[in-house]
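Structure first, then comments.
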Amino acid sequence: MVSRGVFFKDEKGIVIQDIAVLSTTRVLVTEQTYNTVRLVDSQNAGVVAKLTLPETPWKVCLVRDGRAAVTLPAQKRIQFIRMDRDTLTLDKSVDMNGAVIGIAASDSHLVVSYHNPGRVEKITMEGKVTHKLNNQTAGKILFQIPNNIAISESGYIVISDFRTNIITQLDENLQVIQTFTSPMMKTPAGIVFVNSTQLLVAARHSHNIILLDTITCTMTTLLGHADGIQDPHALGWCPVSKALYVSGPVPVKTIMKFQG
């Protein structure tokens, strides 16, 4: 696989928190230094559009009708953003019952996560809670800092927790199916499905990208130090071009793009 950087050359200290892939050439990123959401052209490394939010944005996911949803934990809100060609505009926002961090979309619902205490909820687009999961209901310690969420095409939900070092797989009703942990996967952060049963995991403190097969329960190192991986945070995957985007180490202002 070959890598190249996507740089934000006009500003210093960009901290990329999350990546959502829109097309073979466009990605949407949240960054924390300037409290912005940015539409980036990965071909020419340029920022196409930029939207400043009232507080620090964390995670982002794509939803229906040309929109994205961004978590604003300090304001305990989810902010929807409308994407129209090369413009980003604020849409509706939804108040939450805590400092919401992780987010992923499935059909007409969202799956979100919180810290203090760590928990996961399935909600409607209007914020109504339909299902809940925490350590007490699970009967074991799964969540402390469940920052990242991914949902497969078949509806399976996966949560990464970089404090417990556990990857948890759930069904659509937030029932625990199985969990994954390994010494080769230290501090799991960004996660993304590449097909219905396999996902990629950014392991921050083992400095690698791991391919996790949920059927065979095997883990394989896909990228590591030799490929320039250091403290990876967010991941984005384009199923059309088979391109993987990896946010670089904080505060390096780069996204690495790997494409075979």
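Sequence positions, counted from 1, serve as the residue numbers for this chain.
For Gln136, the CD atom sits in a loose shell: 12 or fewer heavy atoms of surrounding residues, nucleotides or ligands are nearer than 6.0 Å. The environment of Asp213 atom CG is dense: over 12 non-hydrogen atoms of other residues, nucleotides or ligands sit within 6.0 angstrom. Heavy-atom contacts from other residues, nucleotides or ligands closer than 6.0 Å to CD of Glu172 number 12 or fewer.
Using a 4.5 Å heavy-atom threshold, the side chains of Ile209 and Pro232 count as touching. Two residues are said to be in side-chain contact when any heavy atoms from C-beta on lie closer than 4.5 Å; Leu142 and Thr164 fail this criterion. Using a 4.5 Å heavy-atom threshold, the side chains of Val100 and Ile78 count as touching. Between Met96 and Ile123, the closest side-chain pair of non-hydrogen atoms falls below 4.5 Å. The shortest side-chain heavy-atom distance between Thr124 and Ser108 does not fall under the 4.5 Å cut-off.
Across all their heavy atoms, Pro146 and Gly118 have their closest contact at CD-CA, 4.1 Å. Of all the heavy atoms in Asn134 and Thr137, the pair that sits closest is OD1-N, 2.8 Å. Here the shortest heavy-atom pairing between Pro188 and Phe162 reads O-CB, 3.1 Å. Nearest heavy atom pair, residue Ala69 against residue Ile103, reads CB-CD1, 3.8 Å. Thr71 approaches Gly102 most closely through the heavy-atom pair CG2-O, 4.1 Å.
The CD1 atom of Ile166 sits 8.0 Å away from atom NZ of Lys140, with the distance rounded to the nearest 0.5 Å. Atom OG of residue Ser247 and atom CG of residue Leu235 lie 7.0 Å apart, to the nearest 0.5 angstrom. With rounding to the nearest 0.5 Å, the separation of CD1 in Ile14 from CD in Gln32 is 11.0 Å. In this structure, Thr220 OG1 and Leu211 CG are separated by 5.5 Å, a value rounded to the nearest 0.5 Å. In this structure, the separation between CG on Leu223 and CD1 on Ile229 is 5.0 Å, given to the nearest 0.5 Å. Taking OG of Ser160 as the reference point, atom CD1 of Ile145 lies at 11.0 Å (rounded to 0.5 Å).
Of the possible polar contacts, none joining the Ser113 side chain to the Ile101 backbone as a donor-acceptor pair under 3.5 Å is found. Formation of a donor-acceptor pair under 3.5 Å by the Asp18 side chain with backbone atoms of Thr30 is not found in this model. No side-chain donor-acceptor contact under 3.5 Å links Thr168 to the backbone of Thr179. Side chain of His233 to main chain of Asp231: a donor-acceptor pair is present (N/O by atom type, distance under 3.5 Å, no hydrogens or angles). Distance alone, capped at 3.5 Å, places no donor-acceptor pair between the Gln169 side chain and the Val176 backbone. Between the Lys242 side chain and the Pro239 main chain, a donor and an acceptor come within less than 3.5 Å of each other. Between the side chain of Asp41 and the backbone N or O of Gln43, at least one donor-acceptor pair lies under 3.5 Å. Here the side chain of Asp65 pairs no donor or acceptor atom with the backbone of Arg67 at under 3.5 angstrom. Checking side-chain atoms of Ser106 against main-chain N and O of His109 turns up no donor-acceptor pair under 3.5 Å. Judged purely by atom type and a 3.5 angstrom limit, Ser196 has no side-chain atom pairing as donor or acceptor with the backbone of Glu153.
Taking hydrophobic clusters as Ile, Leu, Val, Met, Phe, Trp and Tyr residues chained together by side-chain heavy-atom distances below 4.5 Å, Val129 does not share a cluster with Val111. A continuous path of Ile, Leu, Val, Met, Phe, Trp and Tyr side chains, each step under 4.5 Å between heavy atoms, connects Phe258 with Leu200, placing both in one hydrophobic cluster. Cluster annotation: Phe143 is not connected to Tyr114 through the hydrophobic network of ILVMFWY side chains, with a link wherever side-chain heavy atoms come within less than 4.5 Å. Hydrophobic clustering (ILVMFWY, side-chain heavy atoms < 4.5 Å, transitive): Phe80 and Val70 are in distinct clusters. Linking ILVMFWY residues whenever their side-chain heavy atoms come closer than 4.5 Å, directly or via other members, leaves Val94 and Ile81 in distinct clusters.
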Hey, can you pull the donor-acceptor pairs under 3.5 Å for the side chains in residues 53-64, sequence neighbours left out?
residue: Glu55; atom: OE2; partner: Ala74; partner atom: N; Å: 2.8
residue: Glu55; atom: OE2; partner: Gln75; partner atom: N; Å: 2.9
residue: Thr56; atom: OG1; partner: Asn35; partner atom: OD1; Å: 3.1
residue: Lys59; atom: NZ; partner: Gln17; partner atom: O; Å: 3.3
residue: Lys59; atom: NZ; partner: Gln17; partner atom: OE1; Å: 2.8
residue: Lys59; atom: NZ; partner: Asn148; partner atom: OD1; Å: 3.0

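In terms of the side chain to side chain donor-acceptor pair (under 3.5 Å) criterion, residue partners of His115 (sequence neighbours excluded) are, by chain and number, Asn147. For Thr36, the side chain to side chain contact (heavy atoms under 4.5 Å, CB included) partners are Glu31, Tyr34, Arg38, Lys50, Thr52, not counting sequence neighbours.
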Where do Val21 and Val192 land on the side-chain contact (heavy atoms from CB on, under 4.5 Å) test, with the steps shown first?
CA-CA 11 Å; Val21 177; Val192 62; over 6 Å; no
Could you give me the CA-CA distance, side-chain angles and deciding distance for Lys132 and Leu174, then say whether side-chain contact (heavy atoms from CB on, under 4.5 Å) is met?
CA-CA 7 Å; Lys132 298 180 181 181; Leu174 302 191; 5.5 Å; no
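If you run side-chain contact (heavy atoms from CB on, under 4.5 Å) between Ile19 and each of Val29, Leu244, Val246, only Val29 comes through.
Within the hydrophobic cluster formed by Ile, Leu, Val, Met, Phe, Trp and Tyr side chains joined at under 4.5 Å, directly or through other members, Ile191 is accompanied by Val158, Ile167, Phe180, Met184, Met185, Phe193, Leu199, Val201, Ile210, Leu212, Met219. Tyr156 belongs to a hydrophobic cluster whose remaining members, ordered by chain and number, are Ile177; membership requires side-chain heavy atoms of ILVMFWY residues under 4.5 Å apart, directly or through intermediates.
Among residues at least two apart or in separate chains, salt bridge (charged side-chain N to carboxylate O under 4.0 Å, His left out) pairs with a member in residues 112-130 are Lys92-Glu126, Arg119-Glu121.
Side-chain contact, His205 with Thr187: a donor N or O sits under 3.5 Å from an acceptor N or O.
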